[in-house]
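The structure appears below as structure tokens.
Just so it is clear, the model here is predicted, and its values are computed rather than measured. Indexing begins at 1, ligand by ligand and atom by atom, following the structure's order.
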Amino acid sequence: MISGAPASGKGTQCELITKKYDLVHVAAGDLLRAEVASGTENGKRAKEFMEKGQLVPNEIVVMMVKDRLSQQDSEEKGWLLDGYPRSQSQATALKSFGFDPDIFILLEVPEEILVERVVGRRLDPVTGKIYHLKYSPPETEEIAARLTQRFDDTEEKVKLRLVTHNSNVEDVLSMYGDITVKLDGSQPKLEVFSQIDSILSELLEKKVAALGPVAA
Ligand code: ADP
Ligand code: AMP
């Protein structure tokens with residue numbers, strides 16, 4: 001699981017992690033934006049909360065995440081959950097479905113940096129890649145011309161999202177105390193990744209060792 005305030009770099013690290021470890025990236029925010037884009041009743045309702053920077057109600061989010069984690073690719077490859085759980089009740093629900101994380105990574109970034117990151121964030125609708133006008137600018141003019149901005153990526157909205165994050169973070173952390181790793185997410189993205197990479201490699205080695213010698 002990867003957690004952190006809005007724009008702490010979760011999606012950016014997930015791109016790097018999935019590339020190396022071939023996990024299935026499940027981002028609660030992406031699932032919700034897809035629902036909003038398809039114009040379903042759940043999507044319309046979710047958008048009202050997203051506009052206000054508040055948590056979308058559990059009856060929409062919990063089953064959405066559970067269904068995605070239950071799909072064959074997540075079960076076979078393993079999952080990397082981003083932006084969920086965001087409350088104790090979401091964590092409890094996940095546990096009751098039998099989904100237990102091996103590790104809980106929290107990216108810590110000072111608020112003044114978060115605002116700058118949000119305002120400069122852009123997304124490539126073709127590749128899904130995350131850019132930043134200053135820190136990760138698009139590689140070509142063609143990509144630059146098609147970049148989009150999220151409807152909640154304004155200075156005003158991120159402040160609301162931060163209030164929501166700050167009021168829930170301790171509750172969520174209390175559920176994963178023994179497997180939590182806090183990292184300084186204000187470093188350049190490859191430096192953050194190198195720390196995550198060491199943690200995941202070690203975890204993987206332990207898991208392989210726990211399986212014991214493979215029969216010839
Ligand atoms: P989150 O998924 O936590 O909301 P993103 O990964 O989308 O955050 O990152 C938010 C913005 O900050 C993006 O524009 C991204 O390019 C930029 N960003 C992410 N990590 C870093 C970093 N370590 N240093 C500078 N900018 C970053
Ligand atoms: P994100 O893409 O993670 O920044 O999330 C964007 C918005 O989607 C948040 O501000 C919330 O309104 C909503 N959202 C994302 N994840 C959750 C979640 N686990 N529970 C409730 N709402 C969520």
Does the N or O separation between [X] and ligand 1 drop below 3.5 Å for any pair?
X	result
D82	no
Y131	yes
G11	yes
I130	no

What residue and atom, counting heavy atoms only, is the protein's closest point to [atom], and at what distance?
atom	result
atom 24 (N) of ligand 1	R117 NH2, 3.3 Å
atom 6 (O) of ligand 1	T12 OG1, 2.6 Å
atom 7 (O) of ligand 1	R121 NH1, 2.6 Å

With a 4.0 Å cut-off on heavy atoms, is G4 touching ligand 1?
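In this structure, G4 fails to qualify as a contact of ligand 1 - no heavy atom is under 4.0 Å.
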Please determine whether any non-hydrogen atom of Q187 lies less than 4.0 Å from an atom of ligand 1.
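Yes.
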Has K52 got any heavy atom lying under 4.0 angstrom from an atom of ligand 2?
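The answer is no, since K52 has no heavy atom less than 4.0 Å from ligand 2.
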Sub-4.0 Å heavy-atom approach of R33 to ligand 2:
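Contact present.
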Can you tell which part of P188 has a heavy atom less than 4.0 Å from ligand 1: side chain, backbone, both or neither?
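It is the backbone that touches ligand 1; the side chain stays farther off.
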Yes or no, since that's all I need: does a protein heavy atom fall within a distance strictly under 4.0 Å of atom 9 (C) of ligand 2?
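No, there is none.
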May I ask which of M50, E51, K47, R86 has a heavy atom nearer to atom 5 (O) of ligand 2 than the others do?
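That would be R86.
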Counting heavy atoms only, which of K157, R150, R161 comes nearest to atom 6 (C) of ligand 2?
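Residue with the shortest heavy-atom distance to the ligand atom: R150.
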Hey, what do you get for CG (L107) to OG (S186), rounding to the nearest 0.5 Å?
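The OG atom of S186 is 10.0 Å from CG of L107, to the nearest 0.5 Å.
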For the pair F97 and F99, name the ring-plane relationship: parallel under 30°, tilted 30 to 60°, perpendicular over 60°.
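F97 vs F99 ring planes: perpendicular.
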With heavy atoms only and a cut-off of under 4.0 Å, state how [X] meets ligand 2: side chain, backbone, both or neither.
X	value
K10	neither
L55	both
V61	side chain

Would K47 and F151 count as a cation-pi pair here, with the cationic atom under 6.0 angstrom from the ring centre and within 45° of the axis?
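Positive - K47 is close enough to the ring of F151 and near enough to its axis.
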D197 pairs by salt bridge (charged side-chain N to carboxylate O under 4.0 Å, His left out) with which of K19, K189, K20?
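Testing each of K19, K189, K20 against D197, the sole residue satisfying salt bridge (charged side-chain N to carboxylate O under 4.0 Å, His left out) is K20.
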Any chance you could lay out the side-chain contact (heavy atoms from CB on, under 4.5 Å) test for V181 and I196, step after step, and finish with the verdict?
CA-CA 9 Å; V181 182; I196 294 179; over 6 Å; no
